[in-house]
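To start, the structure under review is shown below, and the notes come after it.
We name chains A, B, ... by the order of the sequence lines, and we start the count at 1 in each one. Computed from heavy atoms alone, side chains included, the values below leave out hydrogens, waters and symmetry copies.
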Amino acid sequence: MSANAEVARILYEIGELYAIKGESFPSRAYLIAAQRIESLQDDIRSVYEKGELQVIPGVGKSIAAAIEEFLESGGCSHLQKLRESLPSGAQELMALEGIGPKTIMKLFYELKVTSIDQLEKAARSGKVRKLKGFGPISEKNVLQAIEDYRGFQKRFLLGQILPVLREIEEYMSSCGAVLRVDFGGSARRMKETVGDLDILVASEKGEEAVEYFISMPRVTRVISKGSTRSTIIVGSNLQVDLRAVPPESFGAALQYFTGSKEHNIKLRTLAVKLGYKLNEYGLFRRKDDKKVAGETEETIYQTLGLEYVEPELREDRGEIEAAMKGSLPNLVKYGDVRGDLHVHSSWSDGNIELDEIAEGAQQLGLEYIAICDHSRSLGIARGLDEKRLRKQMKAIEKLNRNLEGFMLLKGIEVNIMADGGFDLSNDILKDLDFVVASIHSGFKSGMKKMTDRLISAIHNEYVSTIGHPTGRLIQRRQPYPVDLKKVFGAAADQRVMMEINALPNRLDLNDVNCKGAMEHDVSISIGTDAHALGQLRYLPLGVSVARRGWLQTKDVANTLRIRELFRKVSR
DNA sequence: GCCGTTTTCGGCCCGACTGTTTTCAGTCG
């Protein structure tokens, strides 16, 4: 874990503990600082050494001191004290739905409950219902929350959840009482993982929309339902929230339910400063409660003196400040992408023939695809040696002769070996159109070694891009340690690109690192890494990462026409 | 705990739903 991630982790924990103590303002302060440091480009240690910790927004005297202590000693006495001041299982209990700070303290003082197991025992023996403010129903809810906690997957991959979202949207649009359907939440911000779904409908008859919603196929549980909102569980463990608002408030509701929470708090604070009140029904003037915006998101941002902020940017990473100055990036659009720069075929471990790829890609409206099968040393993936690669190149050339307005590029995903060299010679690399260089093994050789391997690959004159540059697998494997600043520097120097690998469980580079690459003037290539036909559809996921990383059309190589792309890679 | 184009002290976003209460606290998003 990088120093930034470690510091962020500590600050997050302090923030969470303050929340349990019911001290919401310090809690927020720590959580904001944690988030800032997590998405900080610079190494926190070097910021500290320059004496500039308090330059980071949200970091004041106390938090700076905590960071300093941690960097110097590896510990944090403030965190220790907080931990000791709370029941030991408080954090665990906090994870239960419906259990908050007050309940945790009550459970501790009156029932000596300090863990989920103990809580379960207390609830089963009927002790919880005797607490003041509790009853049989809340006791039953506690048991349900425990069951959910044990059974639920915590977050879903964006790529898995989007199709489900489309289905629900379609279902809700067939409701007579519904005038408009959209969705918000982290899915609309295209965050790499999504905890639950937020469906928004415009309707004059909220109750009817809610009734329709809870009658959706595959609903296994209705957690709450009112006249304007409802929460259900679909299938075994997907939580879906519905909100119904009148049409004239649709924009305000969409803005509000899209989040992020931090973005919204900042926006509402700004609204208050300017003499307004912002809620899910609209933007209101404080002095006479007159509604001044709300039908669209655009009017809300505009009235607050801001440029429109695209959902993917709403993470409080400086977008509101930029929108104030009118300096938001003109984000690359989903339709700007003309090709896919990393696809596998049946020649290695993919299961699609070259002609199927060409056909599938054209159906998606693409103009080119780079065929980048694995190279020799990846035996398990039937990696190509020089002889088979030459053969594949001929097959591609032959196919291309019969194609119009579309082209397969001759490429490879060449393996970066432990010494930073390749398992194919320059003799053959020089004859290819597109070379992705990736690390597939030896992830644990340390920051310096990994960085050197990547930089050595970047210095090969035939390399076009670095594939999945950090090697992480979302919710499964941490990124390998690598000094991305150095890598970006070398890449900028050698005019080598960095890939956004668009597989749902990779999305590597991630959003924050994309922004770092862009700030180093490094171009980005997007590749689906598809091994099956359906996976070509993941290309927009790659674009979403680029957008979340503030990238513009000019930053993304896939937006080039094929001729321009050739000029770019023949450096 | 942080922050300042009202403020260096006193604020810090705002509303819906539930389960327990007889008017509201707790939780969530």
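- Distance A/K106 NZ to B/dG26 C1': 9 Å, rounded to the nearest Å.
- Residue A/N264 has no polar side-chain atom (N or O) positioned under 4.0 Å from OP1 or OP2 of B/dC13.
- The CG-C1' distance, from A/L270 to B/dG4, rounds to 14 Å in whole Å.
- To the nearest angstrom, P of B/dG26 lies 13 Å from CD1 of A/I104.
- Residue A/R28 has a polar side-chain atom (N or O) positioned under 4.0 Å from OP1 or OP2 of B/dC13.
- At the heavy-atom level, A/K277 lies under 4.0 Å from the strands shown only through sugar-phosphate atoms.
- Distances were taken from every side-chain heavy atom of A/K102 (C-beta onward) to each of B/dG15, B/dG26, B/dC2; the shortest belongs to B/dG26.
- When rounded to the nearest whole Å, the span between CG of A/L242 and C1' of B/dG29 equals 14 Å.
- Taking the side chain of A/Y281 as heavy atoms from C-beta on, and the options B/dG26, B/dG15, B/dC12, the nearest nucleotide is B/dG15.
- Rounded to an integer number of Å, the gap from A/K132 NZ to B/dT21 C1' is 8 Å.
- Between A/S138 and the phosphate of B/dT18, there is no side-chain N or O to OP1/OP2 separation shorter than 4.0 Å.
- Under the stacking definition used here (centres under 5.5 Å, planes under 30°), the residue A/F25 qualifies as stacked on the base of B/dC12.
- Put simply, A/T269 has no side-chain N or O that comes within less than 4.0 Å of OP1 or OP2 on B/dC12.
- Summarising the geometry, the separation between CG on A/D196 and P on B/dG29 is reported as 6 Å, rounded to the nearest angstrom.
- Distances were taken from every side-chain heavy atom of A/P136 (C-beta onward) to each of B/dC2, B/dC13, B/dT20; the shortest belongs to B/dT20.
- Here B/dT7 presents its P atom at 13 Å from NZ of A/K273, a figure rounded to the nearest Å.
- Contact between the side-chain N/O atoms of A/S224 and the OP1/OP2 oxygens of B/dA16 is not found at any separation under 4.0 Å.
- Proximity of A/S27 to the phosphate of B/dG1: no side-chain N or O atom is located under 4.0 Å from OP1 or OP2.
- As the counterpart of B/dC14, B/dG29 is assigned, both hydrogen-bonding distances of the Watson-Crick or G-U wobble pattern falling under 3.5 Å.
- Contact of A/Y256 with B/dG29 (side chain to base): a donor-acceptor pair of N or O atoms is detected under 3.5 Å.
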